Colleague: 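Would you mind keeping the following structure in view while I ask a few things?
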Amino acid sequence: MNNELAELLFPNIDKTPEETEALFPQRNLKEGAMVTRFGPSPTGFMHIGNLWGAFLDSIMAKETNGICYLRMEDTDSKREVEGAKELILNALDHFHIHYDEGFGKDGSYGPYIQSDRKEIYQVFAKELVKNGQAYPSFMTEEELQEIRQGQEIRKEITGIYGHYATDRDLSLEEVKKHLENGDSYVIRIKSPGDMNKQIILHDCIKGDILLPENIIDEVILKKDGIPTYHFAHVVDDHLMKTTHVIRGDEWIPSYPKHLQLFQMLGWKSPKYAHHATLTKKEDGKIRKLSKRKDPEFSVSYYKEAGIPAEAVRLYLATLSNTNFEEWYLQNKDKTLEDFTFSYKKMPVGGTLFDIEKLNNICRTYFSRLTADAVYEDCLVYNLEYDTSFAQLMKDNKNRLISFLNIERNAKRPRKDIATYKDLKQESFYMLDSLFFDDAKVTYREMEEKKYDITLLEEYATIFEEGDSYEQWYERVKNFADEHGYASEVKTYKASPEEYKGHVGDICEMIRFAITGRTKTPDLYQILSILGKENLKKRVKFFQKYLQEL
RNA sequence: GGUCUAUUAGUCAAGGGGUUAAGACACCACCCUCUCAAGGUGGGAACACGGGUUCAAAUCCCGUAUAGACUACCA
């Protein structure tokens with residue numbers, strides 16, 4: 001009877017499970033090599049949480065000389081969004097998430113898009129029907145809803161199981177009658193589970209977790225013949241020889257379903273690594289990052305904001321292994337490729353997405369680049385997002401690189417640039433066209449400051465290009481002395497009443513006049529880059545500004 | 001409601017029976033110092049609560065509280 005039922009439901013499926021299995025041979029990999037997969041669903045943009053998953057798949061496979069493949073999980077045609085597949089590919093490319101085979105690439109285990117694997121799933125669904133392990137269910141949405149409501153009122157487990165699974169007992173004749181009527185149906189498993197028994201999930205990250213056995217007659221094929229996630233996961237990861245399923249821990253509760261499916265099909269289940277989901281704090285509450293609610297976590301946001309892809313990778317690495325950050329700070333000449341990640345060091349609890357931390361990582365990242373690299377990377381960004389500044393960058397290449405070099409090669413590099421965007425506001429005073437446009441705006445912010453204009457004018461005449469730092473500083477100190485300012489801050493502090501101020505005040509005056517700021521990198525070097533003529537020009541500019549007040 | 005998970009300083013976190021309970025960021029003080037940044041020294045600051053097991057509990061067990069995930073013909 002089951003044979004007849006199977007033929008009735010799947011007349012077009014003539015491949016056997018054995019023939020299908022033969023299409024997916026064992027992979028020839030070394031002991032310990034992990035086969036992982038990234039399985040995004042093309043239902044919109046990718047957010048940072050999705051990217052994290054892809055990152056983990058990628059590094060764990062790479063680290064063990066295994067295979068990471070990309071499988072497009074598009075079984076939900078209702079939610080599919082036009083162009084989402086391209087967005088996913090672009091994101092993986094932008095963030096340098098490497099995968100060896102899969103959607104958009106070659107590979108011997110395809111197709112790598114689930115909608116093209118429909119017949120494969122049906123081969124195994126047919127087999128389950130044949131073995132009496134699955135059956136067609138003709139229940140309507142209304143019936144299902146009614147059952148659920150009753151279960152909720154009675155505080156029972158919701159779903160189709162036990163005596164709720166009335167279609168389990170449909171006779172062949174009844175099925176035929178439904179089919180003749182054109183009634184739509186799904187394929188459900190006949191769950192052999194016992195609610196009172198428990199199964200163990202040996203999770204690579206979280207350790208052993210005890211869960212109740214599945215008793216639900218889970219849907220494996222929807223009414224359009226497309227598999228549910230649960231069935232597609234089991235069939236695909238078996239055939240494609242996945243060794244480690246890395247996915248968010250929101251999947252832990254459905255693990256019993258997956259284990260049961262593997263057992264019903266007589267397959268060995270892969271290992272699982274359930275990572276914490278990325279959460280955010282909103283109105284004091286913590287919740288899972290959501291595609292619909294949190295567009296600011298879209299990966300395209302990072303690109304537009306000028307956050308380097310590598311910095312995002314570093315952030316994902318700190319999320320991935322709790323000991324990564326410390327290691328990275330201690331190994332200033334290493335990159336994340338040098339670090340060995342392990343499941344054991346992955347965080348077990350929820351992980352709050354922290355944009356401030358990412359910001360900090362960006363600063364550290366930039367501080368380790370050469371000035372040339374910062375210049376080139378910022379140029380690439382601005383060519384796309386701020387073309388007029390990009391032109392200015394080209395026109396002032398040498399000056400900008402000199403500026404970026406200030407305090408860069410020292411043991412204690414500056415950390416004032418966090419994004420490609422920041423270069424403009426951090427360096428604007430080095431670019432004459434921007435400075436003479438914008439400086440007045442900046443000057444105005446400090447109106448309460450009183451500076452001795454005549455001193456500035458005189459200073460501009462005694463400044464000598466080519467002075468070493470010591471010579472320069474000596475000259476400034478002498479200059480301070482001659483005009484009633486203490487040449488040492490300490491001397492001034494000891495008896496402030498004897499001086500107009502100290503050498504620091506002189507420096508501040510110069511700094512403010514030539515940059516419009518009270519905080520900048522090393523003043524000597526800025527002066528050296530600008531040169532004497534420019535200094536004079538800027539002093540005049542400042543004087544004019546003060547006079548116009 | 002049910003199932004599962006988590007809870008160590010402002011934040012991220014190490015430690016899984018015996019520790020003066022690491023470390024980082026942040027904060028405070030001092031030092032260095034032309035400003036800022038960076039750096040140095042020092043400091044304040046934590047095991048959610050209640051029981052139990054034990055010579056000994058942050059660590060193991062049981063409750064409670066709080067937070068999160070799941071509970072679809074979504075993934």
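Basis for what follows: all heavy atoms, side chains included, without hydrogens, waters or symmetry-related copies. Numbered from 1 within each chain, the chains take letters A, B, ... in sequence-line order. Only a predicted model underlies this, so the values are computations on that prediction, with no experimental measurement involved.
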Colleague: Give the nucleotide from the list B:rA37, B:rC73, B:rU3 with an atom nearest to the side chain of A:Lys415.
Modeller: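 Ranking B:rA37, B:rC73, B:rU3 by closest atom to the A:Lys415 side chain puts B:rA37 first.
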Colleague: What protein N or O atoms touch nucleotides 22-32 of chain B N or O atoms at under 3.5 angstrom, if any, and at what distances?
Modeller:
residue	atom	partner	partner atom	Å
B:rC32	OP1	A:Lys490	NZ	3.3

Colleague: Looking at side-chain heavy atoms only, is the closest gap between A:Phe366 and A:Lys415 below 4.5 Å?
Modeller: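 Result no, sub-4.5 Å side-chain heavy-atom pair not found.
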Colleague: Looking only at the side chain of A:Glu73 (C-beta and beyond, no hydrogens), which of the listed nucleotides B:rC73, B:rA75, B:rC4 gets closest?
Modeller: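 Per side-chain heavy atoms of A:Glu73, the pick is B:rA75.
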Colleague: Tell me if the centroids of the rings in A:Tyr272 and A:His274 come within less than 6.0 Å of each other.
Modeller: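 Yes, they do, as the ring centres are separated by less than 6.0 Å.
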Colleague: Quantified in whole Å, what is the P atom distance between nucleotide B:rC30 and nucleotide B:rA37?
Modeller: 15 Å
Colleague: Give me each pair satisfying salt bridge (charged side-chain N to carboxylate O under 4.0 Å, His left out) with a member in residues 216-232 of chain A, each pair once, sequence neighbours excluded.
Modeller: A:Arg168-A:Asp217, A:Glu218-A:Lys257
Colleague: Picking from B:rA75, B:rU35, B:rG1, which would you name as closest to the side chain of A:Lys155?
Modeller: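 Selected nucleotide (nearest to the side chain): B:rG1.
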Colleague: Can you measure A:Leu404 atom CG to B:rA37 atom C1' for me and round it to whole angstrom units?
Modeller: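 Taking atom C1' of B:rA37 as the reference, CG of A:Leu404 is at 15 Å.
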Colleague: Pick the C1' atom in B:rG51 and in B:rA65, then give their distance to the nearest Å.
Modeller: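 Comparing C1' positions in B:rG51 and B:rA65 gives a spacing of 14 Å.
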Colleague: Check the phosphate of B:rA72 against A:Lys223, side-chain N and O only, distance under 4.0 Å to OP1 or OP2. Yes or no?
Modeller: no
Colleague: Pick base, sugar-phosphate or nothing for A:Val219, based on heavy-atom distances below 4.0 Å to the nucleic acid.
Modeller: sugar-phosphate
Colleague: With side chains defined as the heavy atoms from C-beta onward, is the minimum distance between A:Tyr343 and A:His244 less than 4.5 Å?
Modeller: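 Touching, per the 4.5 Å side-chain cut-off.
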Colleague: Using a 4.0 Å heavy-atom cut-off, does A:Arg148 contact any base of the nucleic acid, only the sugar-phosphate backbone, or nothing at all?
Modeller: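 It contacts sugar-phosphate atoms only.
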Colleague: Rounded to whole angstrom, note down the C1' distance from B:rA56 over to B:rU64.
Modeller: 25 Å
Colleague: Does the pair A:Lys271/A:Asp203 count as a salt bridge with the N-to-O cut at 4.0 Å?
Modeller: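 No.
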Colleague: Regarding A:Glu156 and A:Arg148, does a basic nitrogen lie under 4.0 Å from an acidic carboxylate oxygen?
Modeller: no
Colleague: Flag yes if more than 12 heavy atoms outside A:Glu465 fall under 6.0 Å of its CD atom; otherwise flag no.
Modeller: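 It does: A:Glu465 CD has more than 12 such atoms within range.
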Colleague: In terms of the nearest nucleotide of RNA chain B, which residue is placed more toward the 5' end: A:Ile209 or A:Asp224?
Modeller: A:Ile209
Colleague: To the nearest angstrom, how far is A:Ile205 atom CD1 from B:rA69 atom P?
Modeller: 18 Å
Colleague: Using the C1' atoms only, state how far B:rC47 lies from B:rA9, rounded to an integer number of Å.
Modeller: 10 Å
Colleague: For the pair made of CG in A:Asp505 and P in B:rU33, what is the distance, rounded to whole Å?
Modeller: 17 Å
Colleague: Partners of A:Asp167 by salt bridge (charged side-chain N to carboxylate O under 4.0 Å, His left out), sequence neighbours excluded?
Modeller: none
Colleague: How would you list, by chain and number, every residue that makes a side-chain contact (heavy atoms from CB on, under 4.5 Å) with A:Glu457, sequence neighbours excluded?
Modeller: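 Counting only residues at least two positions away or on another chain, A:Glu457 forms a side-chain contact (heavy atoms from CB on, under 4.5 Å) with A:Gln543.
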Colleague: Provide the distance between the two C1' atoms, one in B:rC28 and one in B:rA45, to the nearest whole Å.
Modeller: 11 Å
Colleague: Using the side-chain heavy atoms of A:Gln198, tell me which of these nucleotides is nearest: B:rC36, B:rC34, B:rC4.
Modeller: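 Nearest to the side-chain atoms of A:Gln198, counting from C-beta on, is B:rC4.
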Colleague: Name the closest nucleotide to the A:Asp76 side chain, picking from B:rC74, B:rA14, B:rC34.
Modeller: B:rC74
Colleague: State plainly whether the residues A:Asp249 and A:Lys206 are in salt-bridge range, i.e. N to O under 4.0 Å.
Modeller: yes
Colleague: Between P on B:rC34 and CD on A:Glu470, what's the gap in Å once rounded to a whole number?
Modeller: 12 Å
Colleague: Quick one: is A:Thr158 getting a side-chain N or O under 4.0 Å of the B:rA72 phosphate, OP1 or OP2?
Modeller: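 The answer is yes; a side-chain N or O of A:Thr158 sits under 4.0 Å from OP1 or OP2.
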Colleague: Identify, between A:Ile157 and A:Glu250, the residue whose nearest nucleotide on RNA chain B lies closer to the 5' end.
Modeller: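 By nearest-heavy-atom nucleotide position, the 5'-most residue is A:Ile157.
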Colleague: Look at all strands and tell whether A:Thr75 reaches a base, only sugar-phosphate, or nothing, counting heavy atoms closer than 4.0 Å.
Modeller: sugar-phosphate
Colleague: Quickly work out the A:His202 NE2 to B:rC4 P distance and round it to whole Å.
Modeller: 16 Å
Colleague: Ring centres of A:Phe138 and A:Tyr185 under 6.0 Å apart?
Modeller: yes
Colleague: Compute the centroid of each ring, for A:Phe55 and then for A:Trp52, and state whether the two points are separated by less than 6.0 Å.
Modeller: no
Colleague: Expressed as a whole number of angstroms, how long is the span from A:Asp481:CG to B:rC34:P?
Modeller: 14 Å
Colleague: Between the base of B:rC34 and the side chain of A:Arg511, is there a donor-acceptor distance below 3.5 Å?
Modeller: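 Counting by modelled atom types and ignoring angles, a donor-acceptor contact under 3.5 Å is found here.
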Colleague: Just to confirm, is there a sub-4.0 Å distance from OP1 or OP2 of B:rC74 to any side-chain nitrogen or oxygen of A:Lys222?
Modeller: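 Yes.
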Colleague: From C-beta outward on A:Pro212, which listed nucleotide comes closest to its side chain: B:rA75, B:rC70, B:rU3?
Modeller: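 Output: B:rU3.
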Colleague: Look at the side-chain N and O atoms of A:Thr277 and state whether any lies under 4.0 Å from the OP1 or OP2 oxygen of B:rG68.
Modeller: no
Colleague: Which residues pass the salt bridge (charged side-chain N to carboxylate O under 4.0 Å, His left out) test with A:Arg188, not counting sequence neighbours?
Modeller: none
Colleague: Give the nucleotide from the list B:rU35, B:rC34, B:rC73 with an atom nearest to the side chain of A:Tyr473.
Modeller: B:rC34
Colleague: Taking any heavy-atom pair under 4.0 Å as a contact, classify A:Met195: base, sugar-phosphate, or nothing.
Modeller: nothing
Colleague: Can you check the A:Tyr161 OH to B:rU71 P distance for me, whole Å?
Modeller: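 From A:Tyr161 OH to B:rU71 P: 16 Å.
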Colleague: Using only heavy-atom distances, decide whether a donor-acceptor pair under 3.5 angstrom links the side-chain of A:Asp522 to the base of B:rC34.
Modeller: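 Pair found.
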Colleague: Show me, range against range, the stems involving RNA chain B, built from at least 3 consecutive Watson-Crick or G-U pairs below 3.5 Å.
Modeller: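 RNA chain B stems, ordered by first number: B:1-7 with B:65-71, B:10-12 with B:23-25, B:27-31 with B:39-43, B:48-52 with B:60-64.
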Colleague: For A:Leu210, report the nucleic acid contact type (base, sugar-phosphate, nothing); a contact means any heavy atom under 4.0 Å.
Modeller: sugar-phosphate
Colleague: Below the 4.0 Å mark, does B:rA72 have OP1 or OP2 next to a side-chain nitrogen or oxygen of A:Lys78?
Modeller: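 For B:rA72, OP1/OP2 do not have a side-chain N/O of A:Lys78 under 4.0 Å.
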Colleague: What does A:Lys257 touch in the nucleic acid at a heavy-atom separation under 4.0 angstrom: a base, only the sugar-phosphate, or nothing?
Modeller: nothing
Colleague: Kindly point out which of B:rU33, B:rC4, B:rC73 is positioned nearest to the side chain of A:Ile252?
Modeller: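 The closest nucleotide is B:rC4.
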Colleague: Taking atom C1' in both B:rU19 and B:rG10, what distance in whole Å separates the two?
Modeller: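 Comparing C1' positions in B:rU19 and B:rG10 gives a spacing of 25 Å.
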Colleague: I want to check something: taking the side chain as every heavy atom from C-beta on, are A:Ile113 and A:Lys85 in contact at a cut-off of under 4.5 Å?
Modeller: yes
Colleague: With sugar-phosphate meaning primed atoms plus P, OP1 and OP2, does A:Tyr255 contact a base, only sugar-phosphate, or nothing at under 4.0 Å between heavy atoms?
Modeller: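 A:Tyr255: no heavy atom of the nucleic acid under 4.0 Å.
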Colleague: Separation of A:Lys206 atom NZ from B:rU7 atom C1', in whole Å?
Modeller: 13 Å
Colleague: If we take the C1' atom in both B:rU66 and B:rA48, what is their distance in whole Å?
Modeller: 8 Å
Colleague: Is B:rG44 syn or anti, taking syn as a glycosidic angle within 90° of 0?
Modeller: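 You should classify B:rG44 as anti.
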Colleague: If I pick the C1' atom on B:rA21 and the same atom on B:rA14, what distance separates them, to the nearest angstrom?
Modeller: 10 Å
